[in-house]
Protein chains: 2
Amino acid sequence: MARKKDENTEALILEAAKTVFQAKGMDGARMQEIADKAGINKAMLHYYYRNKKLLFEAVFNNAFSLLAPQLKAILNDDSPIEEKVRNFTSDYISFIIDYPYIPNFIIQELNRNPDFILKLKDNPSFPNIDKFKKQVDEEVKQGILRPIRAEQLFINIMALNVFPFVAKPLLKAFTNTGEEAYHQLLEVRKTEVADFIIHSIKT
Amino acid sequence: MARKKDENTEALILEAAKTVFQAKGMDGARMQEIADKAGINKAMLHYYYRNKKLLFEAVFNNAFSLLAPQLKAILNDDSPIEEKVRNFTSDYISFIIDYPYIPNFIIQELNRNPDFILKLKDNPSFPNIDKFKKQVDEEVKQGILRPIRAEQLFINIMALNVFPFVAKPLLKAFTNTGEEAYHQLLEVRKTEVADFIIHSIKT
DNA sequence: ATATTTGTTAACCAAATGGTTAAACTATAT
DNA sequence: ATATAGTTTAACCATTTGGTTAACAAATAT
């Protein structure tokens, strides 16, 4: 028998924990299920991560650290707003198709545990809107964009890109589409969402 | 002592259950906490609602039955798309400011329990997109609207209106706004979101 | 008045759950 | 070879949790 050793088990646990936590949330997840999925003894979870909360935080930070760079792309990049909107929309939807659980997971757990975000904001790599704000204000002043507050534009961009994933079951029901057709709708959005936004804000 | 009697307790339980379930979700909610909040014995919960799942479903259906009429307003009404978008945006944001937990609660639990929606769709009062679809197609054909699929427009409308509430903690952090300032942003959206959409789809 | 149905409570219960412990196993250092 | 430090397991534990029960109180029907 004799498992390969240290580093491996830890990663195995994290991977299993990710699956279970993202599917069932902090409260719905069971330590035993995580252990089973990782194919190890339950005591190992505590050996490597002390307790459920810490294991959960490891998973959460992991997920957030995947999401953050996506957002920085639109907030910190130098290209004009229109270009950034187009790139972000396409990139983000591709990204989420690969990691479909992430946005819902983060939003959900952040709602459940609001002071959680304080810890995140401390992190210097937390996305910051300042640069985006200056850019929007500047393009508005130059008459490239209709007057709009950067915060509102940012919310709109996020909403149009993220919501279809977060509310997928509901939207599938309302639009009467099956899995396949819905995925098709999302594929189309890679370009259409950008068009929708640009049409609205460009003078 | 002698509590006022029957009908009352049942409503008391539902109200308490609503608060707890919407704040903590199905898994995070505790029957004891609901009983405490309702000021009654835990056994009463089972007397009136048999078990946790049924109590939860009562709360869920209750929440959904508040949301559904809002959606029907935009789907089934006869006025032109532009007018419907303006009315819906304003009405919906007002509605949610009164019931801030509802969208997140519904989306969350629907993600956790996808076959849950099947039961909802059976209900004849479940919102249906068909009429909206015909209307959009018609206005596109008449040249009133740019070409857009009704499903995509519907998703966009929902996204722009609902997402700011669902992702509130995250968006507050990204936009660096406190409770007061964020509420202000939402207030502004009552009209701005409609403008944003109309600009984008009108020819 | 009295029996019966309905509402309410305190005490209880079995199962599940997060977490611990002590012993065994493995690899590495001496 | 042997001590040492790190890894893994089975068994165990205290607490929590959803749910039940039996007795009691209050209406309502007879």
Side-chain angles (χ1 to χ4, degrees), chain A residues 1-63 105 108-109 112-113 115-116, chain B residues 1-63 105 108-109 112-113 115-116:
Chain A
M1 206 116 302
R3 218 162 254 104
K4 273 165 226 149
K5 221 180 36 198
D6 44 87
E7 198 91 41
N8 204 293
T9 337
E10 193 168 344
L12 225 60
I13 293 176
L14 201 65
E15 185 57 33
K18 197 185 298 182
T19 310
V20 176
F21 275 130
Q22 292 186 357
K24 313 209 169 171
M26 168 69 173
D27 294 326
R30 296 292 156 242
M31 294 296 267
Q32 188 60 59
E33 190 183 350
I34 295 173
D36 289 348
K37 190 146 294 183
I40 51 139
N41 190 287
K42 184 162 63 95
M44 295 305 283
L45 302 182
H46 299 90
Y47 180 74
Y48 282 104
Y49 294 91
R50 286 193 68 85
N51 57 44
K52 191 182 184 183
K53 198 182 168 200
L54 285 175
L55 176 54
F56 175 81
E57 284 177 18
V59 170
F60 186 89
N61 291 333
N62 209 283
F105 175 65
Q108 171 52 27
E109 299 299 334
R112 199 71 80 222
N113 203 342
D115 33 80
F116 217 76
Chain B
M1 205 114 305
R3 216 163 255 105
K4 272 164 230 148
K5 223 180 27 194
D6 46 88
E7 197 94 40
N8 204 291
T9 338
E10 193 169 346
L12 225 60
I13 292 175
L14 201 66
E15 184 58 33
K18 196 183 299 183
T19 310
V20 176
F21 275 130
Q22 292 187 357
K24 313 207 169 172
M26 168 69 172
D27 294 326
R30 295 292 156 239
M31 294 297 267
Q32 187 60 58
E33 189 182 351
I34 296 173
D36 290 348
K37 191 146 293 183
I40 50 139
N41 189 288
K42 184 161 65 95
M44 293 307 282
L45 302 183
H46 297 90
Y47 181 75
Y48 282 104
Y49 294 91
R50 285 192 69 83
N51 58 43
K52 191 183 182 182
K53 198 182 168 200
L54 285 175
L55 176 54
F56 176 82
E57 282 177 19
V59 170
F60 186 89
N61 291 333
N62 208 282
F105 175 65
Q108 171 51 28
E109 300 298 334
R112 198 72 80 223
N113 204 343
D115 33 79
F116 216 77

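Values in this document were obtained by computation on a predicted structure and should not be read as measured data. A, B, ... follow the sequence lines: proteins, then strands. Residue 1 opens every chain.
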Atom-to-atom span, CG of B:Leu45 to P of D:dT20 - whole angstrom: 12 Å
Pairwise ring pair (Phe, Tyr, Trp, His ring centres under 6.0 Å) hits with a residue in residues 16-37 of chain B, at least two apart: B:Phe21-B:Phe56
side-chain hydrogen bond (donor to acceptor under 3.5 Å, both in side chains) against A:Asp36, all qualifying residues, sequence neighbours excluded: A:Gln32
Nucleotide D:dT8, atom C1' - distance to CG of A:Asp36 in whole Å: 15 Å
For atom CD1 of B:Ile34 and atom P of D:dG19, their distance in whole Å: 11 Å
By side-chain hydrogen bond (donor to acceptor under 3.5 Å, both in side chains) - contacts of B:Glu15 (at least two apart): none
Residue pairs, two or more places apart or on separate chains, that pass side-chain hydrogen bond (donor to acceptor under 3.5 Å, both in side chains) and touch residues 17-26 of chain B: B:Lys24-B:Glu33
N/O to N/O distances under 3.5 Å, protein versus nucleotides 14-18 of chain C:
unit_1	atom_1	unit_2	atom_2	d
C:dT17	OP1	A:Arg30	NE	2.7
C:dG18	OP1	A:Ala29	O	3.4
C:dG18	OP1	A:Arg30	NH1	3.0
C:dG18	OP1	A:Lys52	NZ	3.1
C:dG18	OP2	A:Met31	N	3.1
C:dG18	N7	A:Lys42	NZ	3.3

Between CD1 on residue B:Ile13 and CG on residue B:Leu55, distance to nearest 0.5 Å: 7.5 Å
Side chain of B:Met44 - closest among D:dT21, C:dG7, D:dT9: C:dG7
Distance below 4.0 Å between A:Tyr47 side-chain N/O and D:dT9 OP1 or OP2: no
C:dG7 phosphate, OP1 or OP2, under 4.0 Å from B:Thr9 side-chain N/O: no
Atom-pair distance (NZ on B:Lys24; C1' on D:dT17), nearest Å: 14 Å
Minimum-distance nucleotide (side-chain atoms of A:Asn41 versus D:dT9, C:dA10, D:dT8): D:dT9
Of all pairs that satisfy salt bridge (Lys or Arg N to Asp or Glu O under 4.0 Å), the ones with a partner from residues 46-60 of chain B, not counting sequence neighbours: B:Glu57-B:Lys119
